[in-house]
*Asks:* 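Shown below is the structure under consideration.
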Amino acid sequence: LEHLTLQQHKKTCTTLLAEAAGRLWPYQGNFAIAELTTKLGVLTKDAFTFLREAQAIASSTKRSLIIYSDAPHFSVGADLKHIISAAKEQKWQDIDEYLKYGQETFDLLATADLPCLTAVSGYALGGGCELLLHSQGCQMHIDAKVGLVETSLGLIPAFGGIKEVVRRSLFNRRLAPFAVELCKNF
């Protein structure tokens, strides 16, 4: 494959989906490239909706979905501004709905008929890391920084990342020590 940045590719093809939280482009017939356009790739409710719509389009056109970003960072995770605001107003149902919507979105990507892949550079933290864990394949830049940083704050990753680490470690002996170490934090 010829090396082509998303920036260059955007100029040469039509957009399949354009939303406030992301854009979707076709690529080489078998793929659709989805890019989150929220600041720092924050996983807002609109970002989850975009990922669902992108997956539906990719599936209906028989394309594997590649989630990628030309921005300096892939995704810094959950929409903490929304969560903190809802917590201050004691809108616990809003937080529950947001987290459930994120979990359902990631499960949809993980169980898609065609592979959902991720291409990561910069930070993939918290929910951004969980997005990688739900993809069937991931290509990382050598300088990528990836992690479930919530654990250092005493929080449990809420989008199913822990489940994915444990599930994958059951089928891959090399991952088992990582899963054990991660679970020690809980």
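For clarity, every value in this text was computed on a predicted model and none was experimentally measured.
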*Asks:* What's the shortest heavy-atom distance between D107 and T111, and which atoms?
*Replies:* O-OG1, 2.8 Å
*Asks:* Evaluate side chain to side chain contact (heavy atoms under 4.5 Å, CB included) for K163 paired with H134, printing each intermediate quantity in order.
*Replies:* CA-CA 10 Å; K163 163 198 60 117; H134 283 87; 3.5 Å; yes
*Asks:* Tell me if a side-chain donor or acceptor on Q136 pairs with a main-chain N or O of L117 at a distance below 3.5 Å.
*Replies:* no
*Asks:* Please round to the nearest 0.5 Å and tell me the distance separating atom OG1 of T37 and atom CG of D70.
*Replies:* 12.5 Å
*Asks:* Using modelled atom types and a 3.5 Å cut-off, is there a donor and acceptor pairing between side-chain atoms of S59 and backbone atoms of Q55?
*Replies:* no
*Asks:* Do F50 and I67 belong to the same hydrophobic cluster, where Ile, Leu, Val, Met, Phe, Trp and Tyr are linked whenever their side-chain heavy atoms lie under 4.5 Å apart, directly or via other members?
*Replies:* yes
*Asks:* If every non-hydrogen atom of A144 is compared with every non-hydrogen atom of S121, which pair is closest and at what distance?
*Replies:* CB-CA, 4.5 Å
*Asks:* Taking the six-membered ring for Trp, are F48 and Y101 parallel (under 30°), tilted (30 to 60°) or perpendicular (over 60°)?
*Replies:* perpendicular
*Asks:* If you compare all heavy atoms of A71 against all heavy atoms of S69, which two are closest, and at what distance to 0.1 Å?
*Replies:* N-OG, 3.0 Å
*Asks:* As an exercise, state the distance from CD of Q103 to CD of E130, rounded to the nearest 0.5 Å.
*Replies:* 8.5 Å
*Asks:* Compare every heavy atom of E150 with every heavy atom of G127, then report the nearest pair and how far apart it is.
*Replies:* N-OE2, 3.8 Å
*Asks:* So if you build clusters from Ile, Leu, Val, Met, Phe, Trp, Tyr with side-chain heavy-atom gaps below 4.5 Å, do F159 and L155 land together?
*Replies:* no
*Asks:* Determine whether a donor-acceptor pair (N or O, by modelled atom type, separation under 3.5 Å) exists between the side chain of H141 and the backbone of D143.
*Replies:* yes
*Asks:* Would L65 and L114 satisfy side chain to side chain contact (heavy atoms under 4.5 Å, CB included), going step by step from the backbone distance to the final call?
*Replies:* CA-CA 8 Å; L65 183 65; L114 293 168; over 6 Å; no
*Asks:* What about L109 and L16, same hydrophobic cluster or not, with Ile/Leu/Val/Met/Phe/Trp/Tyr joined at side-chain heavy-atom distances under 4.5 Å?
*Replies:* yes
*Asks:* Does the side chain of H82 reach to within under 4.5 Å of the side chain of T44, using non-hydrogen atoms?
*Replies:* no
*Asks:* Do L36 and F106 share a hydrophobic cluster, counting only Ile, Leu, Val, Met, Phe, Trp and Tyr and linking them when any side-chain heavy atoms are less than 4.5 Å apart?
*Replies:* yes
*Asks:* Using a cut-off of 6.0 Å, state whether more than 12 heavy atoms not belonging to Q139 lie near its atom CD.
*Replies:* no
*Asks:* Is any NZ, NE, NH1 or NH2 atom of the basic residue among R23 and E19 found under 4.0 Å from an Asp or Glu carboxylate oxygen of the other?
*Replies:* no
*Asks:* Would you compute the distance between atom CG of D79 and atom OG1 of T38 and round it to the nearest 0.5 angstrom?
*Replies:* 8.5 Å
*Asks:* Looking only at heavy atoms, what is the nearest atom pair of I66 and F31, with distance?
*Replies:* CD1-CD2, 3.6 Å
*Asks:* May I ask you to test the N30-R63 pair for a side-chain heavy-atom distance under 4.5 Å?
*Replies:* no
*Asks:* Is any NZ, NE, NH1 or NH2 atom of the basic residue among E97 and K45 found under 4.0 Å from an Asp or Glu carboxylate oxygen of the other?
*Replies:* no
*Asks:* Evaluate whether atom OH of Y98 has more than 12 neighbouring non-hydrogen atoms of other residues, nucleotides or ligands under 6.0 angstrom away.
*Replies:* yes
*Asks:* Walk me through it: do V146 and L132 pass the test side chain to side chain contact (heavy atoms under 4.5 Å, CB included)?
*Replies:* CA-CA 9 Å; V146 178; L132 309 182; 3.7 Å; yes
*Asks:* Give me the atom names and distance for the closest heavy-atom approach of S75 to G41.
*Replies:* OG-O, 2.7 Å
*Asks:* Can you measure from CG (L125) to CG (L131) and round to the nearest 0.5 angstrom?
*Replies:* 12.5 Å
*Asks:* So does F74 get a backbone contact from the side chain of Y68, meaning a donor-acceptor N/O pair under 3.5 Å?
*Replies:* no
*Asks:* Assess the residue pair T15 and L24 against the criterion (side chain to side chain contact (heavy atoms under 4.5 Å, CB included)); give the C-alpha distance rounded to whole Å, side-chain angles, the decisive distance to 0.1 Å, and a yes or no.
*Replies:* CA-CA 6 Å; T15 304; L24 181 70; 5.7 Å; no
*Asks:* Does L17 share a hydrophobic cluster with L43, counting links as ILVMFWY side-chain heavy atoms below 4.5 Å and allowing steps through other members?
*Replies:* yes
*Asks:* Are the side chain of S135 and the backbone of C138 linked by a donor-acceptor contact shorter than 3.5 Å?
*Replies:* no
*Asks:* In Å and rounded to the nearest 0.5 Å, what is the CD to CD1 distance from Q90 to I95?
*Replies:* 10.0 Å
